[in-house]
Structure formats: structure tokens, C-alpha cells
Amino acid sequence: MSKKKSQSELSKLMESQQDLEHNVKAPIPTHPQGWEPGVKFNHDKKQGTITSRPTTNSNPEFSDLLKDWGFDPKHYTILDNTLQVRTWDMNMGQGNIQQAWYYRATIVANDLALTDKDYAKLLKWIQSHKRKPKPKIKKPNRSFFVAISDLQLGKRDGGGTEAIIQRFLDKIDTVKERYEFLRKAGMEFDQLTIVGLGDIVEGCVGFYPDQTFSVELDNRSQIKVARKLIAKAIVEWSKDFDLVVVGAVPGNHGAKRVAKGVAPTGEMDNADLEVFEQLGEIFAQNPSYNHVNFIIPDEPHLTFNICGTVCSFTHGHAIGMGGGTPEVKVMKWWANQAFGWQHPGDSKLLISGHYHHYIHKTDPRSWFQVPSLDESTWFKNQTGKQTQQGLFTVVIEDTDRGYSNAEIV
């Protein structure tokens, strides 16, 4: 196999599935902070980030961006799915304003090693489903939304993994009952949106002192169970919608930690994303599921337009705004995102996981902190409270408020 062909195959394998536009920021009038031209490259990991110099070319060649910083395109590759773009107006003097383009992307050495994952049984199950293709909706007006958050599969608390599995399977039916009830009441849905809000698995080490002794499944088994449960939910719910959008963000329990607070490969090397990324690859193999689209982000927060309303999703640990109540930390972070011209600052709705209990605040944008499905002894011992278990559902629509019919099922 030629080096050119190997490079092509590498690019395909490195791509995250991102069927819909997301994390897009509207053009801003000044040069964005944190986008200074330059390159950071880790020679041990053979990977880095490149940020271009200002250019008036709105469609540059990747090879030109590499050469501009001294990287030989024969030996290095810009990953297509990691390319980010910013534009701004430059004052050239004498009243001349010129639009400039700014590019940032991940670069890797062409010999970067990859490994395959075996999930043939689940792939076969998904492929066995037959569905009559229907035309895609060009402009959906209303979506039924389901958040899957903080299952923490693999822990012994509250009846252990068996109890969490049974609760989740029951919720597959109650979610269906909820949107069927709304339809009977006269509400029409063009779309189903599902977002994993992190901590889908428990992890095995590095989150609290006795965690190693409180888990009953290893990492691989946790991911396997999560993959099968969520696949079942998508299969069942997708039968009732002509368009389905599935997204995910990383949680702290999904990080590949080796000790408390130590994740040597980074927070984005994350089991929560891994579960949904694998599901995206599997569902993509069956044409019967062409109406199911996946979004796997390259950063901790996810923003995209749902039926005319811009929504952002995150796991609370990624906010990291010091002390205070969850409400104080989240609202300060959200305000700073808007002030700093970041994509979550554009959203009308913010939906988060991590804090396990339900919070709703409208001021005038709306924040929903969703409940968990696990029963945490550690959380009860720390706070004196027990979590309200359930799945958060809401109707997202193109209205002034952006939503209606919020309900925990």
C-alpha cells in the first residue's frame, strides 16, 4: 500500500462522526482571544495543533497551511474533522475594511498507530433492522428531546448495575409514553434529539477514595453495557420519528484516569464519547438508519441548532468556575462564554449533567440541570440528599422561550 493511500485511510479512521453542523460561532467584530497564530506539537505523541496566520483565502489548501509552519505534507496530515475557522474584519487604513480568515486544526504524523474495536454482535443486531426509507425533513420545526446523563454504570450503589439497567429499560417505555401522550394532545414532532450528558459509566479509579472497591464491572464491561442499553433506546425511539439527532459530551467519570485527578491522555479520551462514537459507526452501517445522525464534538461543550433554537450541552465538571453553588458556577460560566464570544454564549437553552439533581432557571435564557439515574451512596453521605432519579425530557421549538413541556420521566 502506498504512503498516499495509507494517509487517506488514516484520515478516514481518525474522523469523528459529525453529521450536523455544531459548535459554530457567529462572526465577531474583533480578533478572538486565544487564536494567536502558531503551532504546538508533541513529538512523543506525534500530534499537535496548528493555528494559521491571517489570510484572505476562504478556502486554502491544507498542504499550504502545513508548509506555512514548516511541516512537510508528505509526513504530516491535518485531520479534516478538526478544522476550525474564524473570520474578522481588519482595518487596513483609509477606510478600507478587509475580511480575514483564521484556521486552527489538529495535525498528526502519518505513521500514527491506530487500533480497531470489535463490536460485531451489536453491529449485526443493528443491521438486522429494516425500515422503509422516508424523505428527510428539510426544515424541522419542533423536536422532542431526551437527556441521558449520569448512569454511572458499573457501581454497586442502590442495587448495583442490575438496578440501573432495569431503571433505564423502564425509562425507554416511559419516554415513549411521554411523546405519544403529547402527540395525542395535538403536538407534532419533526425530530427526536438525544444527547448523552456524561458519566454514562462509573470508571474504575480516581474519583473518590473507595471507588476501586465500589465497582462491580471493569472499564470494558461498563462500556459494553452502556453501548447495548443506549442502542436499544435509539432503536426503539427512532421507529417513531423521521429525523433523529444524537449527540454527546464527556463527563468526568468517563475520563481515562490512572489516579485521582490524573488523566494522562486528556479529558477528551473519554468513555462517554467512546460509547456514542461506536454507536454512530454501527448505525451508519445500516441504510435503514439513514434518518439517525450523530454529533461527536472535539471539545468538552457541544452547541447546535435544534429546530430554530440554539442549544448548548455540557457536563458540569467542565465548567470549573471555583466555589459556590452549582447555579452560581454555571451561570457565571455561561455569562463568561457570551462575553468571550464562545459558542455556548450564543445559546438560548443550556442543558447540563454532573450535579445529579434537577435545577431549572430562566433569566431570560433557560438552564436545565438534569437528574441522574443512579443512586449514589457517596452523594448522600456528602450532602445528606438523595438524587431524584429519572430522564429529563422537553420539547424544543422555535419560540421566544425555545421550549415547552419540560418533564422528568
Side-chain angles (χ1 to χ4, degrees), residues 1-25 27-28 31-88 99-117 248-250 254-256 263-270 273-274 276-278 280-281 294-303 318 340-343:
M1 181 181 293
S2 68
K3 183 171 291 186
K4 183 176 181 181
K5 188 173 181 181
S6 298
Q7 177 179 339
S8 175
E9 293 299 322
L10 173 64
S11 299
K12 293 178 181 178
L13 290 172
M14 287 293 290
E15 288 180 353
S16 295
Q17 188 164 349
Q18 299 175 343
D19 295 323
L20 296 180
E21 187 177 54
H22 67 289
N23 291 5
V24 176
K25 180 68 193 73
I28 59 179
H31 185 89
Q33 184 180 0
W35 280 72
E36 293 79 8
V39 60
K40 296 179 181 178
F41 192 82
N42 187 316
H43 289 279
D44 292 332
K45 295 183 178 180
K46 300 182 180 179
Q47 182 170 327
T49 301
I50 187 172
T51 304
S52 74
R53 297 183 177 91
T55 176
T56 56
N57 185 356
S58 62
N59 189 27
E61 294 291 332
F62 283 3
S63 58
D64 293 336
L65 295 178
L66 286 168
K67 290 176 182 177
D68 191 36
W69 290 108
F71 286 83
D72 188 345
K74 295 180 180 179
H75 303 295
Y76 296 91
T77 299
I78 288 181
L79 301 183
D80 291 10
N81 63 298
T82 66
L83 185 65
Q84 301 176 54
V85 182
R86 291 291 185 272
T87 65
W88 73 100
Q99 188 176 39
W101 297 77
Y102 205 87
Y103 300 90
R104 184 165 64 192
T106 299
I107 56 175
V108 296
N110 290 344
D111 60 349
L112 186 64
L114 295 172
T115 58
D116 292 330
K117 296 185 180 298
V249 295
K256 306 295 180 68
T265 53
E267 292 296 321
M268 296 303 289
D269 185 9
N270 196 287
L273 295 179
E274 190 174 335
F276 282 89
E277 192 161 45
Q278 291 172 355
E281 293 170 355
F294 282 76
I295 305 173
I296 309 299
D298 295 318
E299 57 183 273
H301 317 299
L302 173 64
T303 300
W341 299 101
Q342 302 303 312
H343 59 80

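Just so you know, these numbers use all the heavy atoms, side chains as well, and skip hydrogens, waters and symmetry mates. In what follows, residues are counted from 1 in the order of the sequence shown.
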_Just to verify, what does Asp64 make a salt bridge (charged side-chain N to carboxylate O under 4.0 Å, His left out) with, not counting sequence neighbours?_
none
*Please round to the nearest 0.5 Å and tell me the distance separating atom NZ of Lys74 and atom CG of Leu66.*
13.5 Å
*Quick one: are Ile107 and Val39 in side-chain contact, heavy atoms under 4.5 Å?*
yes
*Can you name the salt bridge (charged side-chain N to carboxylate O under 4.0 Å, His left out) partners of Asp19, sequence neighbours left out?*
none
*asked:* For a quick test of reading the model, state the closest non-hydrogen atom pair linking Leu273 to Met268 and the distance between them.
replied: CD1-CE, 3.5 Å
_Once rounded to the nearest 0.5 Å, what's the spacing between atom NZ of Lys40 and atom CD1 of Ile50?_
13.5 Å
*Roughly how far apart are Phe276 CZ and Ile295 CD1, rounded to 0.5 Å?*
12.0 Å
*Got a sec, which residues hit side chain to side chain contact (heavy atoms under 4.5 Å, CB included) with Asp68, two or more places apart in sequence or on another chain?*
Arg53
*So Phe71 and Tyr76, would you call those rings parallel, tilted or perpendicular, with 30° and 60° as cut-offs?*
perpendicular
_Gap separating the NE2 atom of His343 from the CD atom of Glu299, nearest 0.5 angstrom_ = 3.5 Å
*Could you grab the distance from atom CG of Leu302 to atom CG of Asn23, nearest 0.5 Å is fine?*
5.5 Å
_Partners meeting ring-ring contact (aromatic ring centres under 6.0 Å, His included) with His301 (sequence neighbours left out)_ = Trp333
*Is there side-chain contact between Glu267 and Pro250, with at least one heavy-atom pair below 4.5 Å?*
no
*Taking atom OG1 of Thr303 and atom NE2 of His22, what is their separation to the nearest 0.5 Å?*
9.0 Å
